[in-house]
Amino acid sequence: MAPLDLPASSRIGDVPTATGTGASALAVHGFFRGFPSSIADARDLLDARSIAPAFRAWCGTVPYVDFTNGTVLDSQGREGPTVLCLPFLDPARMMPAHTCAASEGVPTGTYDQGGGLVMRLEGSVALRESGVYTFAWGHDDGVSMRFGDATVFEYPDPTGSRVDRRAVRVDRPGRYAFTLEWYDTIGGALLDWYVARGDATDGTFDAARFSLVRREDLYPSESAPCTARCERCEGETPVCDRAARRCVRCLTDAMCGPCGVCREGACVGDAGRCAADASADGAVDDGATVEADGGLDAATGAPPPAGGCGCATTTDARAGLAWVALCVLAPRRRVRRGKRR
């Protein structure tokens with residue numbers, strides 16, 4: 001198969017000078033064991049459209065993509081500390097055969113071999129030279145990869161651990177927007193993401209040619225939910241402080257008007273700054289006074305409660321993340337049983 005030309009629309013900027021910090025992750029643990037059993041059902045859970053209720057959700061940044069639930073090795077035969085534990089995993093619950101390393105900020109819980117986990121990773125990847133790249137995805141179960149609106153690869157059904165590859169061509173170096181979606185139904189769980197230069201779709205899959213996509217080449221999505229509870233920023237705290245994963249009023253003094261300064265995410269009045277503006281302009285604009293912000297809601301940006309529900313009423317429903325539904329069990333209804341291996 002010839003390399004796929006990545007669409008120009010997926011290129012969102014030049015190669016950045018700053019190194020990457022990782023990709024944005026949205027993970028949802030479904031309520032029913034063994035569900036979903038297709039990538040379409042997984043998307044319904046991620047977008048809060050599923051007839052099956054979700055149990056918990058988490059949003060954050062992951063350093064790279066090499067995850068298991070401890071029942072399988074990664075695609076290059078490794079385990080922790082290279083391999084990371086999937087969100088909500090309880091590594092001791094089902095006595096997994098292998099180890100995985102906890103990643104900072106990723107919650108633990110009751111997820112195990114019963115499945116029901118879905119995850120969406122999004123952001124951009126720096127392709128620092130033009131030419132052909134081969135991406136490879138190890139997965140158990142289904143997976144889908146898009147660059148912009150172009151589907152590069154998709155395996156929609158349950159499967160045992162396997163590796164699939166696809167070569168792509170880029171005309172210009174830069175940052176390219178991607179979305180990687182995955183789900184686990186039951187048993188083993190695996191998701192990893194590799195890259196090689198040139199067309200490496202044939203031949204052996206080994207560490208001599210393929211390496212994990214590096215943290216330094218991954219950049220979070222600016223449109224992803226802000227907090228660990230998957231809240232978006234609006235109202236009196238409309239700005240996302242992504243480094244702290246919390247919603248704030250401001251990040252810089254320029255967001256606070258001529259008489260205010262930004263202090264720990266809040267706008268506060270600064271008489272000295274306003275006086276300086278008055279002396280420079282000859283007068284003070286009557287509308288320039290900025291009232292001191294009383295501070296952030298104590299719940300905003302707080303980590304999700306241990307073992308508790310992570311929902312909030314501030315979520316942007318238009319974005320498909322109405323997580324308040326996470327706290328309400330859906331009425332009993334017949335849900336089609338996920339296909340088991």
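Start at 1 with the first residue, then count along the sequence.
- Counting only distance, with no hydrogens or angles, the side chain of T185 and the backbone of G34 share a donor-acceptor pair below 3.5 Å.
- The SG atoms of C250 and C256 lie 2.5 Å or more from each other.
- Judged by distance alone, with hydrogens and angles left aside, the side-chain atoms of R128 form no donor-acceptor pair with the main-chain N or O of G174 at under 3.5 Å.
- Using a distance-only test at 3.5 Å, with no hydrogens or angles considered, no donor-acceptor pair links the side chain of Y64 to the main chain of W193.
- Within 6.0 Å of CZ on R197 lie more than 12 heavy atoms contributed by other residues, nucleotides or ligands.
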What's the verdict on side-chain contact (heavy atoms from CB on, under 4.5 Å) for F55 and T110, showing C-alpha distance, side-chain angles and the deciding distance? CA-CA 10 Å; F55 190 55; T110 58; 4.2 Å; yes
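- Between P36 and L45 the shortest heavy-atom distance is CD-CD1, 3.9 Å.
- Counting heavy atoms from C-beta outward, D14 and P173 have side chains that stay 4.5 Å or more apart.
- A167 approaches T134 most closely through the heavy-atom pair CB-OG1, 3.8 Å.
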Under the side-chain contact (heavy atoms from CB on, under 4.5 Å) criterion, do V118 and W182 qualify, and how do the steps go? CA-CA 6 Å; V118 297; W182 165 89; over 6 Å; no
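- Note that R169 lies outside the cation-pi zone of Y133, set by a 6.0 Å cut-off to the ring centre and a 45° limit from the axis.
- Minimum heavy-atom separation, P158 to Y183: N-OH, 3.1 Å.
- Here the closest heavy-atom approach between residue S144 and residue I39 is recorded as CB-CG1, 4.1 Å.
- Counting heavy atoms from C-beta outward, L117 and L86 have side chains that approach closer than 4.5 Å.
- Atom CG in D270 sits 8.5 Å away from atom SG in C259 (nearest 0.5 Å).
- Considering CG of L46 and CG of D41, their distance stands at 11.0 Å, rounded to 0.5 Å.
- Note: F88 and H29 have parallel aromatic rings, judged against thresholds of 30 and 60 degrees for the angle between ring planes.
- Looking only at side-chain heavy atoms (C-beta outward), W58 and V106 come within less than 4.5 Å of each other.
- Within the 4.5 Å cutoff, no side-chain heavy atoms of V248 are placed close to those of T237.
- Taking SG from C100 and CG from L84, the interatomic distance works out to 8.0 Å, rounded to the nearest 0.5 Å.
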Verify side-chain contact (heavy atoms from CB on, under 4.5 Å) between V143 and F153, making sure each step is shown before the conclusion. CA-CA 8 Å; V143 69; F153 176 77; 3.8 Å; yes
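- Annotation: side chain of F210 is not in contact with side chain of V163 (no heavy-atom distance under 4.5 Å).
- To the nearest 0.5 Å, atom CG of residue L73 and atom OG1 of residue T82 are 11.5 Å apart.
- The structure places CG of D199 at 11.0 Å from CE of M1, a figure rounded to the nearest 0.5 Å.
- Taking a cutoff of 4.0 Å between a charged side-chain nitrogen and a carboxylate oxygen, D164 and R162 qualify as a salt bridge.
- Taking the centre and axis of the six-membered ring of F178, the NZ or CZ atom of R146 falls outside the cone set by 45° and 6.0 Å.
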Applying ring pair (Phe, Tyr, Trp, His ring centres under 6.0 Å), run through F135 and F147 and close with a yes or a no. CA-CA 12 Å; F135 290 110; F147 275 96; 5.5 Å; yes
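- For the pair E181 and R43, the salt-bridge criterion is met [side-chain N within less than 4.0 Å of a carboxylate O].
- The residues D202 and R165 are annotated as not salt-bridged, no charged nitrogen and carboxylate oxygen being separated by less than 4.0 angstrom.
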Let's go through D90 and T108 carefully: what are the C-alpha distance in whole Å and the side-chain angles of both, what is the deciding distance for side-chain contact (heavy atoms from CB on, under 4.5 Å) to 0.1 Å, and is it a yes or a no? CA-CA 6 Å; D90 179 358; T108 58; over 6 Å; no
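- Between the side chains of Q113 and T71, no donor-acceptor pair of N or O atoms lies under 3.5 Å.
- Between the side chain of T204 and the backbone N or O of D206 there is no donor-acceptor pair closer than 3.5 Å.
- Put simply, the side chain of D74 gets close to the backbone of R78: a donor and an acceptor are under 3.5 Å apart.
- Remark: the E216 side chain and the T19 side chain contain no N/O donor-acceptor pair separated by less than 3.5 Å.
- Taking each heavy atom of S124 and R175 in turn, the nearest pair found is OG-NH1, 2.9 Å.
- Under a 4.0 Å N-O distance rule, the pair R242/E222 qualifies as a salt bridge.
- Sulfur-sulfur distance for C230 and C59: below 2.5 Å, consistent with a disulfide.
- V62 has its side chain within reach of L121: a pair of non-hydrogen atoms, C-beta onward, lies under 4.5 Å apart.
- D171 is not listed as a side-chain neighbour of S130, based on a closest heavy-atom distance of 4.5 Å or more.
- Counting only heavy atoms from C-beta outward, the side chains of C247 and V239 never approach each other to under 4.5 Å.
- The aromatic ring centres of F205 and Y194 sit less than 6.0 Å apart.
- In this structure, D47 pairs ionically with R120, as a charged nitrogen and a carboxylate oxygen lie closer than 4.0 Å.
- Distance check, rounded to the nearest 0.5 Å: CD of Q76 to CG of D192 gives 8.0 Å.
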